[in-house]
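The analysis underlying the following values was restricted to heavy atoms, covering all of them including side chains, and did not include hydrogens, waters or symmetry mates.
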Amino acid sequence: MRSFPRTARSRMAAAAAAAALALGALTVPISHPAFADDLKDKQKAVEKEINRAHDDVQESSKELRRASARLAEAKTQLADARTALATARGKLAVAQERDALMQAELAQAEAALAQAQSDLEAGQEDVAVQRDLVGDTITRLYMEGDPDLVAFASLIDAESAQDLSRRAEISAIMVDTQTRDYDKLQASEVLLAVNEDQVEDARDDVALKREAAAENLATMVALEAEAADAKTDVVALVGERASAQDDAARARARDLRKLKETERQKARIEEMLRKRAAAALRRARAKAAAAAAANSQAATNARVGPTSGLLQMPVGGGVTSPFGYRTHPIYGYWGLHDGVDFGGGCAQPIVAAESGVVISSYWSDVYGNRLIIDHGALAGAGVATIYNHASRYTVGTGTRVQRGEIVGYVGDTGWSTACHLHFTVMANGRAVNPADYF
């Protein structure tokens with residue numbers, strides 16, 4: 001976890017400018033003794049990569065992450081539902097346009113059928129008329145004889161050339177009239193057959209168009225139901241999104257309150273550690289004065305000197321997030337990542353970085369299970385180490401521990417997304433880079 005003091009906005013701008021460098025390696029391999037120099041080099045890089053994209057989602061509570069995930073899911077589902085609604089409405093509009101066209105085509109086909117039926121009826125009447133005429137002709141033939149024979153007989157009976165000519169003309173007219181009656185009947189029957197075919201075709205066309213219109217109507221009904229369901233989904237998801245936004249806002253507000261309380265608690269701890277560091281330094285200097293001639297360890301601790309190698313690493317594995325200033329990945333403000341995050345696995349043993357006394361062991365909503373060990377004076381500074389997010393600790397307040405002794409196990413408590421150890425080194429009540437002490 002980080003602490004986030006107030007600073008000028010210009011530093012925020014510098015952090016934003018450094019964001020392009022934010023995709024560096026997330027794991028720093030640890031090996032001793034070259035580790036110290038390596039981390040010093042990496043510290044310089046970290047100062048340039050202040051806002052790098054590390055997976056520090058753990059800088060918020062699980063409640064906020066759940067609420068944010070729910071909100072993101074609601075937004076995605078809402079977008080999908082709106083797309084589905086638009087698609088359904090588009091399909092419905094196409095079906096409605098097609099229905100209008102098909103209704104027009106059906107009306108046209110029905111009109112064509114009506115016309116064909118009317119033509120058929122007219123044709124049937126015409127055929128009936130022509131058949132009556134032909135029937136009359138046949139009757140006359142039966143009663144009067146074949147017109148050709150009658151005409152021939154009349155020609156034989158002609159008494160003069162003029163009479164012969166007149167009788168011939170009359171006979172021709174009679175024959176032509178009967179021929180026309182037969183021709184008209186044949187033509188009427190042919191036209192009647194055509195009309196019957198047209199009526200049959202028109203009936204088939206109407207039937208097909210009615211079937212297609214019925215199918216399209218069923219499609220429209222289904223699409224209307226689909227559009228109604230999609231609209232219902234959109235309305236429901238709008239409500240879900242609003243609810244998720246409210247939950248996320250409340251979770252964010254709770255997180256900010258917890259952060260402020262954690263900052264106040266941090267200030268109290270820093271003040272306590274400053275006082276303890278001052279007292280430890282006074283004792284170390286007193287011992288150093290008495291043991292200066294013997295060059296004792298107390299004298300060494302009292303003198304300001306190099307810090308490399310003073311502490312051992314509390315867990316194995318690699319560094320997933322180094323010490324340094326950066327922009328908070330969730331809340332966007334500038335602050336100090338006041339320790340080093342070690343990866344590893346759940347339940348991995350945590351050991352004391354140096355001998356000392358456990359001065360505090362408590363629960364923090366942000367840090368989870370916390371343990372603070374006071375190591376006294378080391379290289380001219382009062383040094384304490386803080387262990388965070390453990391699943392549990394095996395030592396309690398007041399316990400004296402030895403360097404390398406197991407004090408707890410890596411966990412996922414507090415604001416954390418995976419098992420890890422957030423390890424902080426305090427020198428004279430101020431957070432310093434742990435890398436300088438390994």
Side-chain angles (χ1 to χ4, degrees), residues 1-7 58-61 255-284 307 310-311 314 321 323-326 328 331 333-342 350-401 407-408 410-411 413-416 420-437:
M1 185 61 208
R2 313 175 175 150
S3 91
F4 294 92
R6 296 174 179 268
T7 58
Q58 65 196 35
E59 301 301 338
S60 63
S61 67
D255 277 11
L256 290 173
R257 288 195 296 270
K258 289 176 182 178
L259 277 174
K260 289 179 181 178
E261 174 56 32
T262 299
E263 289 299 320
R264 289 191 290 269
Q265 189 178 63
K266 176 177 177 292
R268 291 193 294 269
I269 291 173
E270 289 175 347
E271 180 61 22
M272 176 191 69
L273 291 178
R274 276 193 292 271
K275 291 178 179 178
R276 292 183 68 92
L281 288 174
R282 285 195 297 271
R283 290 193 299 271
T307 58
L310 288 181
L311 302 177
S321 185
F323 177 92
Y325 280 93
R326 65 192 69 173
H328 192 286
Y331 298 108
Y333 53 89
W334 179 267
L336 175 67
H337 185 245
D338 63 357
V340 169
D341 287 346
F342 289 92
I350 301 170
V351 301
E354 180 53 75
S355 300
V357 177
V358 177
I359 60 172
S360 184
S361 178
Y362 66 97
W363 169 264
S364 164
D365 288 335
V366 175
Y367 291 104
N369 289 319
R370 301 196 86 194
L371 185 76
I372 304 176
I373 301 176
D374 184 1
H375 304 292
L378 295 177
V383 176
T385 52
I386 305 177
Y387 309 77
N388 304 283
H389 304 300
S391 60
R392 66 185 181 92
Y393 292 108
T394 58
V395 294
T397 302
T399 304
R400 178 166 290 278
V401 297
V407 295
V410 172
T413 58
W415 288 8
S416 172
H420 75 291
L421 171 67
H422 178 79
F423 178 72
T424 301
V425 176
M426 305 290 289
N428 296 331
R430 183 175 63 87
V432 294
N433 190 354
D436 294 335
Y437 285 76

message: Pairing donors with acceptors under 3.5 angstrom, does anything connect the side chains of Tyr362 and Ser364?
response: no

message: Tell me which one of Asn369, Thr413, Ile350 satisfies side chain to side chain contact (heavy atoms under 4.5 Å, CB included) with His389.
response: Thr413

- prompt: In terms of side-chain geometry, is the basic nitrogen of Glu271 or Arg274 positioned less than 4.0 Å from the acidic oxygen of its partner?
  reply: yes

message: Nearest 0.5 angstrom please: Trp415 CH2 to Lys258 NZ, how far?
response: 7.0 Å

query: Looking at Thr385, Asp338, Val432, which one forms a side chain to side chain contact (heavy atoms under 4.5 Å, CB included) with Thr424?
result: Asp338

message: To the closest 0.5 Å, what do you measure between CG (Asp365) and CG (Leu259)?
response: 10.5 Å

query: Taking atom CG of Leu310 and atom CG of Leu378, what is their separation to the nearest 0.5 Å?
result: 5.5 Å

task: State, yes or no, whether a side-chain contact exists between Asn428 and Leu281 at a heavy-atom distance under 4.5 Å.
output: yes

- prompt: Atom CD1 of Ile269 and atom CE of Met426: how far apart are they, to the nearest 0.5 Å?
  reply: 8.0 Å

- prompt: Do the rings of His422 and His337 sit parallel, tilted or perpendicular, given the 30° and 60° boundaries?
  reply: perpendicular

field: From Asp436 atom CG to Phe323 atom CZ, the distance as rounded to the nearest 0.5 Å
entry: 8.5 Å

message: I'd like to know if the side chain of His375 reaches the main chain of Ser355, judged simply by a donor and an acceptor atom lying under 3.5 Å from each other, with no hydrogens or angles considered.
response: yes

